[in-house]
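So the structure is just underneath, and the comments pick up after that.
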Amino acid sequence: MVSFPMRARATKTQDLLSKWLRYLVIAVLAIGILLRFTNLDRKPFWFDETYTPLQSSGYTEREVVNHFSDSRIISVSDLKQYLHPDPNGSFTDTIKTFAVEDPQHPPLYYLMTRFWMQCFGSSATALRSLSTVLSLFTFPCIFWLCLELFGSPVVGWIAVCLVAVSPLNLLYAQEAREYTLWIVMTLFSSAALLRAMRLQTKAAWGLYSFTMAISLYSFIFSALVLFGHAVYILVVERFRFTKTVLSYFASSCLGILPFLPWVVVIVTNLSQIQATSVSGVLDLKVTPLQLVAQWLREIRLVFFDLNIDAQSPLIYKAIAAGFLIIFPLLVAFAFYLLCRHNPKRVWLLVLILTGSTFLPLAVLDIASGGIRSTIPRYVLPLCTGIQLAFAYFIANRLETAKTVWGQRLWCMFVATVLTCGIVSCALSTQAENWWIKGQTDFVGFTHAINQTERPLLIGNATLSEFLALSYKLDPKVKILMQPNCFNCNQTYSQMFNPGELKIPDGYSDIFAIRLKPDEWLKTFQNGTAYRAVPVTYKGKVLINYTGMRCWKLEKR
């Protein structure tokens with residue numbers, strides 16, 4: 001057990017550390033909480049997020065797509081009615097919906113979301129606030145884990161600060177998906193495991209069983225984290241059938257047992273999982289150098305994020321490139337100190353958490369091609385492991401500083417790291433869009449539509465795109481759509497034949513989304529009643545999340 005004991009006679013450096021750390025934690029925690037609740041509705045809903053209110057309400061995508069497959073004009077409110085729980089439905093409908101269409105997503109978070117919507121509504125702020133509230137549990141969980149691992153409140157409080165202003169933690173705290181719940185349960189289950197190993201009581205092992213069940217029903221990749229726990233137990237106990245090993249396996253059986261019904265659902269619906277997986281993205285062919293660059297980016301995102309893209313200012317790109325090297329080097333040194341100055345039972349758990357989801361996905365990417373390991377939401381335990389190692393690194397440097405000036409220097413270093421996080425979080429909360437939303441231009445598109453007098457939106461985009469737009473469209477907007485179905489692999493295209501396009505009169509402006517732009521442009525060039533013009537916003541041509549442009553149709 002590693003600890004940082006105070007000497008019997010307090011020194012000036014220790015007094016400085018105690019006072020400085022106390023005020024730092026209060027200030028940073030307050031900033032982190034405030035930023036989490038800032039502008040929850042500012043960014044658009046993206047592809048995945050739109051399914052949260054839809055499926056949590058008990059509706060399948062297939063039934064909604066079929067309902068809107070005819071040729072009638074609807075209002076925004078007609079579309080948004082499917083984002084509210086059916087008053088005649090129940091929580092069982094939510095479970096059935098995920099079992100049929102999204103079995104790879106266990107239903108716990110979405111059952112919580114249904115209850116949350118019944119209490120607070122289904123606005124963007126209400127939906128995302130559930131994840132925001134859940135993110136607050138990250139602070140006590142990581143503090144508890146640090147106490148179990150290091151026996152040090154200093155490490156725990158520094159870890160709380162790092163999590164509070166981590167741009168990656170904030171992004172998922174403001175997203176209406178289950179990933180924040182997964183972070184909380186990863187920390188909670190890991191701390192519960194260490195507590196059970198320390199106390200060796202039935203109650204402690206029972207608590208771990210409970211956390212296992214909740215973790216599995218939170219996110220499917222929890223199985224990889226819990227497998228890492230099994231490896232940790234076996235290594236620490238030197239592969240012997242000790243009392244701890246036997247207690248662990250008995251506890252694991254009790255924890256897995258409640259999840260078996262959903263295992264049956266997954267096995268029964270494997271074909272649906274394969275059909276709805278985004279293999280076209282995950283199986284992209286990238287070079288090893290590109291993979292490494294993306295892995296370094298994931299490390300940087302834990303501390304610093306400026307939402308760099310092709311249009312970003314050169315100075316932003318230069319700063320991001322510099323931190324792409326600096327932070328990984330600091331993290332590597334943090335892990336070196338962690339392994340050098342702590343017993344195996346400490347550093348091994350941190351390493352296992354760090355690699356539990358990242359290593360399997362990285363191996364798949366290297367072996368078969370793809371970018372699975374570069375998608376941050378799949379490797380969030382990697383970020384947690386980095387934060388634990390970095391918290392120990394900072395605490396170690398502060399505690400071992402031999403002079404007041406040495407300690408002040410490390411305090412300045414900590415302040416710099418936290419400032420990077422605060423600046424990143426502040427920019428993120430004020431931005432209209434961020435990389436986590438797929439770089440969609442729905443904000444600009446809806447702004448262009450809303451500023452017209454009597455707009456009509458037409459298209460055959462996916463239902464999720466229309467649902468995402470509905471959160472930003474004014475009630476005056478009318479919609480003529482034949483949405484495609486992602487989860488049921490169902491497409492419609494007969495309504496929007498460019499050569500025979502007939503649009504009702506009485507609308508001042510006509511906008512279109514999807515509609516196979518290449519095919520449309522060729523037809524329009526040959527002569528139709530309309531010409532397609534790309535929609536622009538702030539001098540930029542707008543695209544949807546698939547990379548296709550958003551269009552405005554003008555009569556010749």
Please check this pair: side chain of [X] against backbone of [Y], looking for a donor-acceptor N/O pair closer than 3.5 Å.
X    : Y    : result
Q104 : Q272 : no
Q81  : D78  : yes
T38  : L34  : yes
S470 : L467 : yes
W116 : A126 : yes
N450 : H447 : no
R195 : Y208 : no
S428 : S424 : no
S129 : T132 : no
D41  : A124 : no

For a quick test of reading the model, state the closest non-hydrogen atom pair linking [X] to [Y] and the distance between them.
X    : Y    : result
D93  : G89  : OD2-CA, 3.1 Å
P44  : K472 : CA-CE, 4.3 Å
L457 : L473 : CD2-CD1, 4.3 Å

Can you confirm whether [X] sits close enough to [Y] that some side-chain heavy atom of one is under 4.5 Å from a side-chain heavy atom of the other?
X    : Y    : answer
T180 : E175 : no
F37  : V133 : yes
L388 : C146 : yes
V100 : N269 : no
E465 : N484 : no
S373 : Y378 : no
Q174 : I436 : no
Y248 : K243 : no

Using a 6.0 Å cut-off, check whether atom [atom1] of [X] has over 12 heavy atoms from anything other than its own residue.
X    : atom1 : value
Y537 : OH    : yes
K202 : NZ    : no
F137 : CZ    : no

**Asked** Looking at I256, L257, L193, V225, which hits side-chain contact (heavy atoms from CB on, under 4.5 Å) with M212?
**Response**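 Among I256, L257, L193, V225, the one that satisfies the side-chain contact (heavy atoms from CB on, under 4.5 Å) with M212 is I256.
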
[atom1] of [X] to [atom2] of [Y]: how many Å apart, nearest 0.5 Å?
X    : Y    : atom1 : atom2 : value
L111 : Y217 : CG    : OH    : 10.0 Å
K43  : E432 : NZ    : CD    : 10.0 Å
L291 : R372 : CG    : CZ    : 10.0 Å
L469 : S464 : CG    : OG    : 9.5 Å
S218 : W182 : OG    : CH2   : 10.5 Å
D48  : H105 : CG    : NE2   : 6.0 Å

Does [Y] have [X] sitting over its ring (NZ/CZ under 6.0 Å from centre, angle to axis within 45°)?
X    : Y    : result
R297 : W435 : yes
R114 : F91  : yes
K80  : Y471 : yes

**Message:** Could you check whether K437 pairs with E49 (Lys NZ or Arg NE/NH1/NH2 to Asp/Glu carboxylate O, under 4.0 Å)?
**Reply:** yes

**Asked** Is the shortest side-chain N to carboxylate O distance from E101 to R62 below 4.0 Å?
**Response**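 Salt bridge absent between E101 and R62.
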
Under a 3.5 Å threshold, yes or no: a donor from one side chain and an acceptor from the other, between [X] and [Y]?
X    : Y    : value
S69  : N66  : no
S131 : Y109 : yes
T374 : E298 : no
T60  : T97  : no
S123 : T125 : no

Parallel, tilted or perpendicular: which one describes the rings of [X] and [Y], with boundaries at 30° and 60°?
X    : Y    : answer
F358 : W295 : perpendicular
F219 : F221 : perpendicular
Y82  : F68  : perpendicular

**Asked** Centroid-to-centroid, F188 to W144, below 6.0 Å?
**Response** yes

